[in-house]
Amino acid sequence: MRPLAWAYLAAAYAFIFLPVVVLVAFSFQDGRLPVPPLRGVTLDWYAKVLSDRAVVAALWNSLAVAAVSSLVALVLGFLAAHAFARVRLPGSAALRTLIVAPMAVSSLIIGLGLLSVFNGLGIRPSLVTAGIGHVVINLPLCFAILYAAMGDHQRAAERAARDLGASEARVLWLVSAPMLAPALAAAFFLSLTFSWDEFIIAFLLTRFDVTLPVEIWSMLRSGLSPAINAVGALVFLISAGAVVLAELLLLRRRT
Amino acid sequence: MGLAAREARLGWGLAAPALAWTGAFFVLPFAVMLALSFARMEGRAVVPALDPGNYLRIATEPAMAGALANSIEIALTVTLISVLLAYPLAAIVAFLVPRRWQRLALVLAVLPFWTSYVVRSYAWLLVLGQKGIVNGTLEGLHLISAPLEIAATRSATVIGFVHFFTMLLTLTIYASLVQMPPNYARAAADLGAGRWAIFRHVILPLSLPGVVTGAFLTFVLCIGDYITPQILGGNAELTLPQLIMLQLGRSGNFPLASALAVALMGVVALAYAAAFRWLRIDRT
Amino acid sequence: MTAGLTIDRVVQRFGDAVVLPGIDLEIAAGEFVVLLGPSGCGKTTLLNLIAGFAEPTSGRILIGGRDMAGIGPKDRPTTTVFQDYALFPHMTLADNVAFGLRMRGVGRSARRERAEAMLDLVGLSGRGAARPHELSGGQRQRVALARALAVEPEVLLLDEPLGALDLKLRRAMQDELKSIQAKVGTTFVHVTHDQEEAMAIADRIVVMNEGRIEDQGPPRQVYLNPRTLFTAGFMGEINRIPLADGRSPLGPLVPGSGTLCLRPEAIGTEGPIALGQARVLEAAFFGTHVRAHVAPVAAPELRLVVHLPQKALPAPGEVLTLFARDPVVLP
């Protein structure tokens with residue numbers, strides 16, 4: 001039983017890693033096509049990609065859209081979660097469902113709806129419209145994480161702060177937010193990675209300035225190339241780096 | 001003004017930004033899309049109407065109904081295969097891997113998450129293509145004489161999807177396995193159950209709600225995805241999202257695209273009803 | 001600073017449920033009042049109304065003569081010591097204690113000085129830099145007290161503040177609470193369901209039941225001369241002997257009609273009221289006394305609990321001649 005299990009584990013990991021390994025390996029391909037055989041090892045493709053203005057611009061665009069939209073989603077989600085955890089509003093269950101509803105709807109449909117509205121209003125596609133779309137998908141996530149994190153312990157401390165004379169803004173800033181710091185960080189990082197990797201909304205709602213996934217998509221149209229492998233490997237490096245960083249920060253906090 | 005009224009006003013004030021955002025950028029677009037789905041195209045202009053024509057086209061035109069069927073078939077296949085692959089993996093990590101290595105095992109199992117979504121599908125194209133790793137290896141071993149046509153088929157789409165959702169499901173199933181109080185299994189063992197009986201009668205039934213939730217998520221994300229079928233499946237056999245994008249790109253036919261999107265949501269709603277009906281029946 | 005408190009015909013309803021049907025209560029400045037009652041009696045609801053966490057359906061609450069209607073907890077001259085302490089986990093003890101002063105715009109150095117003094121008062125000198133999770137339950141309790149007192153409230157509210165502590169620590173904290181109250185002179189309104197705690201600390205006990213005030217007075221009076229059967233039973237164990245026109249199953253004991261209440265420790269081998277002979281059913285040594293169940297020979301179906309001196313451990317079946325003192329007859 002046990003050897004079989006370990007064999008299964010190995011096979012599963014092989015399957016999971018196969019595309020990543022192929023992607024990274026052929027980003028060093030000394031040749032025009034990222035397929036076997038590996039003709040030699042070169043960093044030329046990285047140099048080429050990093051000197052490609054469109055790619056670098058798209059990378060910065062992606063970071064900007066991700067950072068701003070995640071921040072907006074975080075603030076809106078935090079305020080709403082606080083409101084629903086603190087005050088018993090009429091119809092609050094229905095309203096909470098409404099706020100998390102976009103999670104159950106395909107991004108394609110959210111993008112299509114927004115595109116229709118923006119078209120109707122004569123608003124041109126841009127990084128701003130894409131950012132608006134990213135807030136729509138990240139707000140439910142931030143809200144759900146933060147609402148779940150607000151327990152009785154939290155409520156008791158907020159009540160005590162109010163009793164000691166704190167205004168609502170100071171309760172939020174001095175008590176709620178610091179107590180929720182780990183959840184706030186988790187929600188922000190998760191939003192960041194979702195926005196950073198999001199394709200379809202960005203594709204529908206941007207035009208001239210695009211995000212990195214959209215730029216990669218347009219590179220794909222001209223066929224297979226180790227340059228795409230190099231971009232992919234770079235994106236992987238940035239994302240994995242952010243995850244390791246987040247993990248380290250959270251771990252240090254815990255001990 | 002009384003305290004209660006002031007509290008309520010404060011609550012509404014704090015919730016208002018999120019509610020307004022959701023209203024303006026989710027509910028309103030959805031309403032517009034719903035209205036558009038009953039509109040007509042005249043030339044390149046959208047004419048408001050209450051015309052069920054788009055829905056009739058989806059139901060009757062083979063290309064449209066076919067795309068709907070393809071999407072559902074692919075999503076069901078992917079969900080089934082992913083659950084069957086992920087469950088053993090999650091169970092092995094949860095029960096056989098030593099506790100201190102479990103976190104690392106999980107991080108490794110989802111590492112490819114951090115490659116870009118677009119790039120991940122592209123990487124599978126490299127693996128499955130005519131000159132790709134799979135064909136190269138098989139030919140090198142003289143197992144096949146001519147390259148297999150995997151890329152640009154439904155199989156490629158399914159493999160790409162299964163790769164992604166196996167990772168996702170491994171996480172969710174692992175979570176539902178480790179949060180189970182160990183005393184259930186201990187009680188069963190104490191009453192004379194063997195390893196297999198414990199799994200079959202205690203662990204599996206208790207983990208099913210987590211599995212169903214994960215499977216629902218897989219189905220929903222899978223059926224709404226455009227990238228994977230577009231890159232790996234090609235244009236031989238279209239899925240619903242591909243058809244929607246085609247309407248937007250080629251002819252700017254927003255009404256038909258909207259109707260297709262509504263159809264897609266209908267399928268998701270049915271899946272939701274099925275999954276949660278099952279969960280509720282099972283729990284009570 | 002200290003102020004009196006007036007509860008004037010306060011009614012609290014939640015939907016159809018009437019939690020407080022109408023409470024009237026005067027509390028003098030500097031008084032230590034304990035609201036005592038079983039869970040669900042409305043004592044915590046009343047405390048919340050005073051603190052401003054909820055508003056009464058009708059009636060007025062005045063602190064130092066000022067009507068508190070429409071004033072939120074943040075602007076009331078009250079602070080609360082919560083049952084779960086509700087210390088801010090992300091702040092040091094000094095920052096916790098100084099929080100209320102910070103909210104009132106007190107400068108940093110004045111705040112620090114005052115926090116240090118308050119920590120001194122509760123016996124945590126020099127621990128200002130520690131964080132709540134480093135403390136024991138009793139120490140957290142002290143910090144919560146220091147934090148609430150730091151802003152010099154006119155009325156301090158304590159919501160079962162000792163409920164989470166173990167028995168020994170609770171008894172020790174009671175004494176400390178009493179001495180701190182004497183030192184600061186603030187009006188204390190303390191809620192508990194523990195009658196021993198109430199008697200140990202209160203100037204006046206207010207016994208509540210089902211939203212009403214059953215009885216009130218100094219501990220001695222409430223214990224020895226309860227006004228109702230509920231109070232008599234809630235303040236401690238009691239023997240009830242039915243009484244009709246001075247006649248009881250044990251013969252004539254005291255004049256009156258209703259229920260004759262006798263505390264177990266008020267029954268013994270001497271006293272002004274002769275109870276006659278009783279057979280011991282069982283007896284056990286309780287440290288400070290011997291506790292025995294007896295059945296009077298004249299009324300064998302009646303059961304009495306009596307506390308006998310340590311030395312006398314009677315055997316089951318033994319017959320004792322019993323007397324009683326401190327009789328209370330309640331309707």
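Each chain gets a letter, A, B and so on, in the order its sequence line appears, and its residues count up from 1.
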So, do [X] and [Y] sit near enough that their side-chain heavy atoms are less than 4.5 Å apart?
X        : Y        : result
B:Trp12  : A:Leu95  : yes
B:Val119 : A:Val235 : no
B:Phe164 : A:Ile16  : no
A:Phe84  : B:Leu14  : no
B:Phe25  : A:Ile110 : no

Is it the side chain or the backbone of [X] that comes within 4.5 Å of chain B heavy atoms, both, or neither?
X        : result
A:Ala104 : backbone
A:Ile132 : both
A:Phe15  : both
A:Leu204 : side chain
A:Ser116 : both
A:Ile200 : side chain
A:Val105 : side chain
A:Leu172 : side chain
A:Asn229 : both
A:Leu139 : side chain
A:Phe203 : side chain
A:Leu220 : side chain

Of all of [options], which one pairs up most often with chain B through heavy atoms under 4.5 Å apart?
options                               : result
A:Val135, A:Val20, A:Leu18            : A:Val135
A:Phe17, A:Phe118, A:Trp196, A:Phe143 : A:Phe17
A:Ile238, A:Ile99, A:Leu112           : A:Leu112
A:Ala12, A:Ala83, A:Ser106            : A:Ala83
A:Leu212, A:Leu115, A:Val231          : A:Leu115
A:Gly133, A:Pro102, A:Gly232          : A:Pro102

### Query
What pairs with A:Arg86 under side chain to side chain donor-acceptor pair (under 3.5 Å), at least two apart in sequence or on another chain?
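Partners of A:Arg86 by the side chain to side chain donor-acceptor pair (under 3.5 Å) criterion, ordered by chain and then number, come out as A:Glu168, B:Glu7.
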Find the distance between [atom1] ([X]) and [atom2] ([Y]) and round it off to the nearest 0.5 Å.
X        : Y        : atom1 : atom2 : answer
A:Leu114 : B:Phe30  : CG    : CZ    : 12.5 Å
B:Leu125 : A:Leu224 : CG    : CG    : 5.5 Å
B:Leu19  : A:Arg96  : CG    : CZ    : 12.0 Å
A:Ile109 : B:Ser258 : CD1   : OG    : 10.0 Å
A:Glu198 : B:Ser116 : CD    : OG    : 10.5 Å
B:Leu96  : A:Leu9   : CG    : CG    : 8.5 Å

### Query
Are A:Asp197 and B:Phe113 close enough, and set up right, to give a side chain to side chain contact (heavy atoms under 4.5 Å, CB included), and what steps lead you there?
CA-CA 10 Å; A:Asp197 199 22; B:Phe113 258 137; over 6 Å; no
### Task
Evaluate side chain to side chain contact (heavy atoms under 4.5 Å, CB included) for B:Trp124 paired with A:Val22, printing each intermediate quantity in order.
CA-CA 9 Å; B:Trp124 273 109; A:Val22 169; over 6 Å; no
### Message
So if I take each residue of residues 219-226 of chain B and look for any heavy atom under 4.5 Å from a heavy atom in chain A, which residues do I end up with?
### Response
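The list, in residue order, reads B:Val220, B:Gly224, B:Tyr226.
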### Task
Report, by ascending residue number, the residues of residues 71-81 of chain A in heavy-atom contact with chain B at a distance under 4.5 Å; give 'none' if the set is empty.
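At a heavy-atom separation under 4.5 Å, chain B is reached by A:Val72, A:Leu76, A:Leu79, A:Ala80.
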What part of [X] is in contact with chain A, defined as an atom under 4.5 angstrom from a non-hydrogen atom: side chain, backbone, both or neither?
X        : value
B:Ala105 : both
B:Met265 : both
B:Leu260 : neither
B:Leu111 : both
B:Leu248 : side chain
B:Val97  : both
B:Leu89  : both

### Task
Would you please test A:Trp217 and B:Ile231 for side chain to side chain contact (heavy atoms under 4.5 Å, CB included) and show each step?
CA-CA 10 Å; A:Trp217 175 257; B:Ile231 293 180; 3.7 Å; yes
### Query
Which heavy atom of A:Gly113 sits nearest a heavy atom of B:Met33, and at what distance?
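Smallest heavy-atom distance, with atoms named: N-SD, 4.2 Å.
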### Non-hydrogen atoms of A:Pro19 and B:Ala123 that approach each other most closely
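Looking at all heavy atoms of both residues, the shortest contact is O-CB, 3.6 Å.
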### Side-chain (B:Tyr122) to main-chain (A:Ile216) donor-acceptor, under 3.5 angstrom
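Answer holds: no.
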### Query
With sequence neighbours left out, what residues match A:Arg155 under salt bridge (charged side-chain N to carboxylate O under 4.0 Å, His left out)?
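Partners of A:Arg155 under the salt bridge (charged side-chain N to carboxylate O under 4.0 Å, His left out) test: A:Asp152.
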### Message
I'd like to verify something: which residue of B:Gly160, B:Ala31, B:Ala24, B:Pro88 has the highest number of heavy-atom pairs under 4.5 Å with chain A?
### Response
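So the answer, after comparing B:Gly160, B:Ala31, B:Ala24, B:Pro88, is B:Pro88.
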### Message
Counting heavy-atom pairs under 4.5 Å with chain A, which one of B:Val46, B:Thr115, B:Thr22, B:Val32 comes out on top?
### Response
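Most pairs with chain A among the choices: B:Thr115.
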### Task
Determine, stepwise, if the pair B:Arg120 / A:Leu23 fulfils side chain to side chain contact (heavy atoms under 4.5 Å, CB included).
CA-CA 8 Å; B:Arg120 203 157 43 230; A:Leu23 179 81; over 6 Å; no
### Task
Verify whether the ring centers belonging to A:Phe194 and B:Trp114 lie closer than 6.0 Å.
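No, too far apart.
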